[in-house]
Amino acid sequence: VTALVPGDGGGFQGGAWRPNQANAISYTRAQGHYLGAHCDDRQLSGDSLCTLSLGCGAVMTYSRDGKQKGSGNRVGGADPERHRVRLPRRSLQLQTGEVRFKYRHGIANQDLDGPRRVSITFRKERTSKAS
């Protein structure tokens, strides 16, 4: 992952960002799976997230934190504080800065482009020791 991240800030510090955790999740459209709108834990996950999308593409909806209400299946809408972002299959998404800390993100079941999506999220988990 470190070879793929940009080298000019954004929490990735010139390629020095080294994740120490990876989490894989499989979503199956026919089984009604979705990613509920959330903001990853600010204390555990650090300043940056990097997610690799495999399988089918999807549309992720970002909404200003505090405005998102209800279940993960209700992430669409015309609210100006919401942004729908297409994540093609085999894409790499970087979350840092304002989008990392001020927006929730989620994927409604109907926003999966095919039968199955697998995401792998890389994080630099905060530890009690300096890293």
Quiz prompt | Taking every non-hydrogen atom, the tightest pair across Ser53 and Pro88 | solution = CB-O, 4.0 Å
Quiz item: How close do Ser26 and Arg116 get, heavy atom to heavy atom, and via which atoms?
Solution: OG-NE, 2.8 Å
Quiz item: Is any NZ, NE, NH1 or NH2 atom of the basic residue among Asp113 and Arg89 found under 4.0 Å from an Asp or Glu carboxylate oxygen of the other?
Solution: no
Quiz prompt | Arg64 with Glu98: basic N within carboxylate O range, under 4.0 Å | solution = yes
Exercise. Step by step, work out the side-chain contact (heavy atoms from CB on, under 4.5 Å) result for Arg117 and Leu87.
Key: CA-CA 11 Å; Arg117 175 181 186 257; Leu87 303 176; 3.9 Å; yes
Are [X] and [Y] packed together at the side-chain level, in the sense that at least one heavy-atom pair is separated by less than 4.5 angstrom?
| X | Y | value |
| --- | --- | --- |
| Gln110 | Tyr34 | no |
| His83 | Val99 | no |
| Arg82 | Ser63 | yes |
| Ser48 | Lys124 | no |

State the [atom1]-[atom2] distance between [X] and [Y], to the nearest 0.5 angstrom.
| X | Y | atom1 | atom2 | value |
| --- | --- | --- | --- | --- |
| Leu49 | Phe122 | CG | CZ | 12.0 Å |
| Gln95 | Arg123 | CD | CZ | 9.5 Å |
| Ser91 | Met60 | OG | CE | 9.0 Å |
| Asn23 | Ile120 | CG | CD1 | 9.5 Å |

Quiz item: Quick one: side-chain hydrogen bond (donor to acceptor under 3.5 Å, both in side chains) partners of Arg100, sequence neighbours excluded?
Solution: none
Quiz item: Got a sec, which residues hit side-chain hydrogen bond (donor to acceptor under 3.5 Å, both in side chains) with Thr28, two or more places apart in sequence or on another chain?
Solution: none
Quiz item: Does the side-chain contact (heavy atoms from CB on, under 4.5 Å) test come out yes or no for Phe101 and Asp47, once each step is laid out?
Solution: CA-CA 8 Å; Phe101 294 108; Asp47 295 337; 3.4 Å; yes
Quiz item: Mind checking whether Tyr62 and His105 have parallel, tilted or perpendicular rings, split at 30° and 60°?
Solution: tilted
Practice problem: Check for a donor-acceptor pair, side chain of Asn109 on one end and backbone N or O of Arg29 on the other, with a separation under 3.5 Å. | Solution: yes
Exercise. Verify side-chain contact (heavy atoms from CB on, under 4.5 Å) between Ile25 and His33, making sure each step is shown before the conclusion.
Key: CA-CA 10 Å; Ile25 301 175; His33 295 165; over 6 Å; no
Quiz prompt | Counterpart residues, ring pair (Phe, Tyr, Trp, His ring centres under 6.0 Å), relative to Tyr27 (two or more places apart) | solution = none
